[in-house]
2 protein chains.
Amino acid sequence: MYSYPNLTRRQNQVLSFLRNFKEEEGIAPTYREISGHFGFKSTKAALDHVRALEKKGFVRLHGNRSRSIEIVSLESDPKGNVVSIPILGEVPAGTPEKLEENRTDAIAIDEMIINNCKGHQLFALKVTGESMIGRNICDGDWVIIDPNVPPKEGEVVVALIDGDTTLKTLSKKKGRYFLKSENPNYPDWIPMKEMTVQGVVKALIRRI
Amino acid sequence: MYSYPNLTRRQNQVLSFLRNFKEEEGIAPTYREISGHFGFKSTKAALDHVRALEKKGFVRLHGNRSRSIEIVSLESDPKGNVVSIPILGEVPAGTPEKLEENRTDAIAIDEMIINNCKGHQLFALKVTGESMIGRNICDGDWVIIDPNVPPKEGEVVVALIDGDTTLKTLSKKKGRYFLKSENPNYPDWIPMKEMTVQGVVKALIRRI
DNA sequence: ACTTATACTATACAAATGTATAGTTATCCA
DNA sequence: TGGATAACTATACATTTGTATAGTATAAGT
C-alpha cells in the first residue's frame, strides 16, 4: 500500500485499514470496529485518528451518521468523473452512408476529456476511411460528438448531407457552407438539397 | 431508471432509491431513512422490502450491521471496466527532455481501449511538439503507455535516450536500433551511449 | 520552558439503528 | 373458498454507534 509522508505512521495504518475495510466489506467501519482492529480500548482513539485524517483532507465525515467515513482519494477518483457515451455506429470519412442508431455498445470516458459538455447528449462514432487524415483523424479512430453546440466554420463535424452521414470539415465558400475532405484523394461534398450538421467532434480516441 | 419485471412496482422503487442514495451519499441508507423517503410509518415496511430484494438476489445484507445493504449489480457495472491511469508528465515529440515522475493528475479510461493490458502499469503522457505528426500524433494529445510489453520495430515508443525522454518510432538500421521522427523537420535520434524503451504507445486521446 | 501535536485510556450517554412480534388490508392464484 | 404474497401500521427493545468529557504519557517544535 501507499504511505503518505504528511501522515504519521499510525495515521497511515488507520487510512490503510479504512481502505481495506471498504474494499472488502463494501461499507465503512465504525469507530468501534477500527478500535477493535488496532486493539484500542477506547473508541476515542479511533475517533481522534479519523478526525486527524479529516483535518489533513484524507477522509470526509458526513454528520453523525453511522459508517459515514468517506475516503477522499487524492489521486483522481476513478469513479467520480467518468461518463458513459453510447457508440451509435460508424461514420465514413469517405463516401457518406446511412447512420443507424442501433446502440450496441458504449464507451466510458473521463469527464475531463470532454469538458464543458454537461448535459449534452454526447455520442461516439467509429471512423472508417482516410478522408480526414489531414486533420490527423484515422481509420478506426473513435470520435466523440457533441450534438448540442452550434458548429463553427473550420470544425470537424458529423453531417447529414442529402440523406447520408459523413465526417468532414465544415467550410464556407461564397457564403455557402459545404463539407471539405482533408485528403486530396477524397472529394468535397456540396449539398444539393439539404445539409444538417448533427454534431461537432469534441474528442478522439485511438487504439494503437 | 431501470425497471425489473420480476420485481414489484414498489420493490423497483425501493431498489431505485437504494441506488440513488448510495450514488449521492456514498453510503447505504438505514431502514428509517428508507421509511422516511417513502413515508412508511413503520421501519418494518422498509425491512420487508429490502428482505424481498435480498430473496430475489438484488441486494445482499451483511449481518446486523448498520447501513450494510449492498446492491448487487446484475448488469455489468458501468464503472467496473474503467481504469485510472496516472498522467506522469509531458513527453516532447521533438527535442528530448527529462521525464519527471511527479504524479499531478490521472485519467480514467475504458478498459476496452487498452485491451490486453491487465496488470500492466500503464501511464499517460501529454505530447508536446509535432515530430510524430506523420503517425497522426499531435501536439497536446495524450498517449497511453504500456511499459510491460516488449517493444517491436515500427511501434511508437517512449524512450530514454542518453538521459532524456522522447516519443518516437522505434526503427532499425543495419541491425542497430534508433528513434525515428515522423516529421521531416525533426531529426532522428541515434543513441550515443544508452537507450531504454520505457514503454509502447497503446492508445491516444485528443481533445478537440 | 512552554506549547502543540500525537496517541492513547476510562467512562458515559443520547441517538441511531437493526430487528422482532402482532396485526390489517388488499390482491392474486388455485 | 382458502391460502399465499404484498404492502403496510404500531409498538418495542437490545445493540450499535457517534460523540463527549476528563485525563495520562510521550515526543516535537519554538
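Throughout, protein chains are lettered first and strands after them, A, B, ... in sequence-line order, and every chain is numbered starting at 1.
- Among all heavy-atom pairs drawn from B:A108 and A:D110, the shortest one is N-OD2, 2.6 Å.
- Residue A:Q11 places no side-chain N or O under 4.0 Å from the OP1 or OP2 atom of C:dA5.
- Rounded to whole angstrom, the span from the CZ atom of B:R65 across to the P atom of D:dT16 amounts to 12 Å.
- Between the C1' atom of D:dC8 and the CZ atom of B:R51 lies a distance of 15 Å, rounded to the nearest Å.
- Atom C1' of nucleotide D:dT19 and atom CG of A:L61 are separated by 12 Å, given to the nearest angstrom.
- Between A:D141 and A:R206, at least one side-chain N (NZ, or NE/NH1/NH2) sits under 4.0 Å from a carboxylate O, which counts as a salt bridge.
- Checked against C:dG18, D:dT9, C:dA7, the side chain of B:N64 finds its nearest nucleotide in C:dG18.
- Atom NE2 of A:H49 and atom C1' of C:dA5 are 11 Å apart (whole Å).
- If you look at B:F40 and B:Y31, their ring centroids are not closer than 6.0 Å.
- Under 3.5 Å, the side chain of B:R32 and the base of C:dG18 form at least one donor-acceptor pair of N or O atoms.
- Note: CG (A:L47) to P (C:dT6) measures 14 Å, nearest angstrom.
- Applying a 4.0 Å cut-off to non-hydrogen atoms, the residues of residues 33-43 of chain A that approach DNA chain D are A:T43, listed by residue number.
- Both B:K55 and A:R67 lie close to DNA chain D; mapped to their nearest nucleotides by heavy-atom distance, the more 5′-ward contact belongs to B:K55.
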Could you go through nucleotides 21-27 of chain D and list every protein N or O atom that sits under 3.5 Å from one of its N or O atoms, giving the distance for each pair?
none

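- Taking the six-membered ring where tryptophan is involved, the planes of B:F17 and B:H37 are essentially parallel, since the angle between them stays under 30° and well short of 60°.
- Salt bridge annotation for A:K168-A:E182: absent, with no cationic side-chain nitrogen under 4.0 angstrom from a carboxylate oxygen.
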**Message:** Working note: A:K202 + A:D146, criterion side-chain contact (heavy atoms from CB on, under 4.5 Å); need CA distance, chi angles, decisive distance, verdict.
**Reply:** CA-CA 6 Å; A:K202 294 297 277 185; A:D146 187 347; 3.4 Å; yes

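- Spacing between atom CD of B:E54 and atom C1' of C:dT19 amounts to 13 Å, rounded to whole angstrom units.
- The closest side-chain heavy-atom distance from A:K56 to A:L7 is below 4.5 Å.
- The distance from atom CG of B:L7 to atom C1' of D:dA6 is 13 Å, rounded to the nearest whole Å.
- Relative to the axis of its first five pairs, the axis of the last five pairs of the helix from C:dA1-D:dT30 to C:dA30-D:dT1 sits at 40°, rounded to 10 degrees.
- Side-chain atoms of A:E70 and A:H62 include a donor-acceptor pair closer than 3.5 Å.
- Whole-Å rounding puts the A:I69 CD1 to D:dT16 P distance at 18 Å.
- You'll find the side chain of A:I69 reaches within 4.5 Å of the side chain of A:L18, heavy atoms only.
- Residue A:S66 places none of its side-chain N or O atoms closer than 4.0 Å to OP1 or OP2 of C:dA16.
- Among the atoms of the strands shown, only primed sugar atoms or phosphate atoms (P, OP1, OP2) are found under 4.0 Å from some heavy atom of B:R10.
- Put simply, the side chain of A:V156 does not reach to within 4.5 Å of the side chain of A:V200, judged on heavy atoms.
- Using modelled atom types, one finds a donor on one side chain and an acceptor on the other under 3.5 Å when comparing A:R67 with B:S66.
- Here the closest heavy-atom approach between residue A:E33 and residue A:T30 is recorded as OE1-N, 2.9 Å.
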